[in-house]
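One structure is given below, encoded as structure tokens.
Reckoned from all heavy atoms, side chains included, excluding hydrogens, waters and symmetry mates.
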Amino acid sequence: MDAENIKARFALGGITEPMVALHEAGYIEHLFDVQCFDLVAAQSIGKNKNHHEISASQYANPHTKGSVTNKLDIVILSALEIDKDFNVNVMTASDGVLMGASGGHSDTAACAKMTVVVAPLLRGRIPTVVKQVQTVITPGSSVDVLVTDRGISVNPQRTDLIEAFAEKGIELVDINDLVQKAEDIVGQPAEIPYTDKIVGVVEYRDGTWMDVIYG
């Protein structure tokens, strides 16, 4: 950011200490805060005039034109799993246990001009990049780039990004090769023995069902 004199107009989401530090150092002009994730963020919202508290509706309501997510250029997200079609799971762990809510993952991915998922190829013996995620939370159609410790993949739909990365000399890896690399290292995980009982439904931001979760 220093080298290119880049400044961010705003940052959005659950705000943390590093984001506050960037704001106070002049790298981020405004913080739009739907949830303070630590004490530093909570203190900042009381002392920094450009640290703004917003509602969940203003944050990501798909039925209003005032949603701040609609103004995002880039969003950087994580994943428990991402598959060869760039679908992302942030809800169920490798053992099938529910990990918690997905927050604004699918909202920000859908609205940002470029959605980047950052995740390791493996977590211990568990692959992150897989053939098919257990639970689709964020559809691959709204995920553009995957950055791992073993390579960077770009969604084939984003030919503009593939060309831009090539112009910058950034080497890309086919996501299928990352899937295979993970399997070569740790093998193919055994399937989880789910029952046929549905214990949860994944509702997308527009109200449609993305997936179901079995017990």
Side-chain angles (χ1 to χ4, degrees), residues 13-14 16 35 37 60 69 72 74-112 114-158 161-162 165 171-215:
T16 58
Q35 182 179 6
F37 277 146
T69 54
L72 285 170
I74 299 171
V75 63
I76 300 174
L77 302 168
S78 187
L80 289 172
E81 294 177 317
I82 181 168
D83 67 24
K84 61 184 181 61
D85 296 316
F86 287 82
N87 298 310
V88 175
N89 169 28
V90 292
M91 184 73 75
T92 49
S94 59
D95 55 2
V97 174
L98 285 168
M99 298 295 289
S102 62
H105 200 283
S106 61
D107 300 291
T108 52
C111 296
M114 183 171 70
T115 298
V116 181
V117 170
V118 178
L121 184 70
L122 308 168
R123 288 185 173 93
R125 60 178 179 78
I126 306 299
T128 302
V129 188
V130 296
K131 289 180 180 176
Q132 184 176 7
V133 295
Q134 294 180 67
T135 309
V136 177
I137 302 298
T138 297
S141 58
S142 59
V143 176
D144 303 312
V145 181
L146 168 64
V147 177
T148 77
D149 51 334
R150 301 299 181 97
I152 300 171
S153 293
V154 174
N155 192 320
Q157 297 179 35
R158 292 300 305 268
L161 291 180
I162 293 172
F165 279 42
E171 184 177 351
L172 300 178
V173 180
D174 190 293
I175 195 167
N176 292 284
D177 293 336
L178 290 177
V179 172
Q180 188 60 54
K181 186 174 291 187
E183 287 191 3
D184 290 344
I185 296 172
V186 298
Q188 189 169 348
E191 291 188 9
I192 298 172
Y194 290 113
T195 69
D196 59 358
K197 180 182 180 182
I198 295 175
V199 298
V201 174
V202 179
E203 185 176 313
Y204 193 53
R205 62 196 309 264
D206 63 0
T208 57
W209 286 16
M210 283 297 300
D211 209 341
V212 295
I213 300 172
Y214 291 93

Is the shortest side-chain heavy-atom distance between [X] and [Y] below 4.5 Å?
| X | Y | answer |
| --- | --- | --- |
| Thr115 | Thr108 | no |
| Val143 | Ile82 | yes |
| Leu80 | Thr128 | no |
| Val145 | Ile152 | yes |

Polar contact flag, side-chain donor to acceptor under 3.5 angstrom, [X]-[Y]:
| X | Y | result |
| --- | --- | --- |
| Gln134 | Tyr214 | no |
| Gln180 | Asn176 | no |
| Ser106 | Arg205 | no |

Taking all heavy atoms of [X] and all of [Y], pick out the closest pair and write down the distance.
| X | Y | result |
| --- | --- | --- |
| Asp95 | Ile192 | C-CD1, 3.6 Å |
| Ala79 | Val117 | CB-CG1, 3.8 Å |
| Val173 | Arg150 | CG2-O, 4.4 Å |
| Asp144 | Phe86 | O-CE2, 4.4 Å |
| Thr135 | Asn89 | O-CB, 3.0 Å |
| His105 | Val88 | CE1-CG1, 3.5 Å |

- Item | Evaluation steps, side-chain contact (heavy atoms from CB on, under 4.5 Å), between Lys131 and Glu183 | CA-CA 10 Å; Lys131 289 180 180 176; Glu183 287 191 3; 3.2 Å; yes
- side-chain contact (heavy atoms from CB on, under 4.5 Å) between Met91 and Leu98: does it pass, once the steps are laid out? CA-CA 6 Å; Met91 184 73 75; Leu98 285 168; 3.6 Å; yes
- Query: Distance-only, no hydrogens or angles: does the Thr148 side chain make a donor-acceptor pair with backbone N or O of Pro120 under 3.5 Å?
  - Reply: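 Between the backbone of Pro120 and the side chain of Thr148 there is no qualifying donor-acceptor contact (under 3.5 Å).
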- Message: Treating Asp211 as the side-chain partner and Val136 as the backbone partner, does any N or O pair qualify as donor plus acceptor under 3.5 Å?
- Response: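 Side chain of Asp211 to backbone of Val136, a donor-acceptor pair under 3.5 Å: yes, one is there.
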Rounded to the nearest 0.5 Å, what separates atom [atom1] in [X] from atom [atom2] in [Y]?
| X | Y | atom1 | atom2 | result |
| --- | --- | --- | --- | --- |
| Ser102 | Ile137 | OG | CD1 | 5.5 Å |
| Glu81 | Thr92 | CD | OG1 | 6.0 Å |
| Ser142 | Tyr204 | OG | OH | 4.5 Å |

- Query: Between Val186 and Leu122, is a side-chain contact (heavy atoms from CB on, under 4.5 Å) present by the stated rule, with each step listed?
  - Reply: CA-CA 9 Å; Val186 298; Leu122 308 168; 3.9 Å; yes
- Message: Quick one, Leu178 with Leu121, criterion side-chain contact (heavy atoms from CB on, under 4.5 Å). Give me CA distance, side-chain angles, the key distance, then yes/no.
- Response: CA-CA 7 Å; Leu178 290 177; Leu121 184 70; 4.1 Å; yes
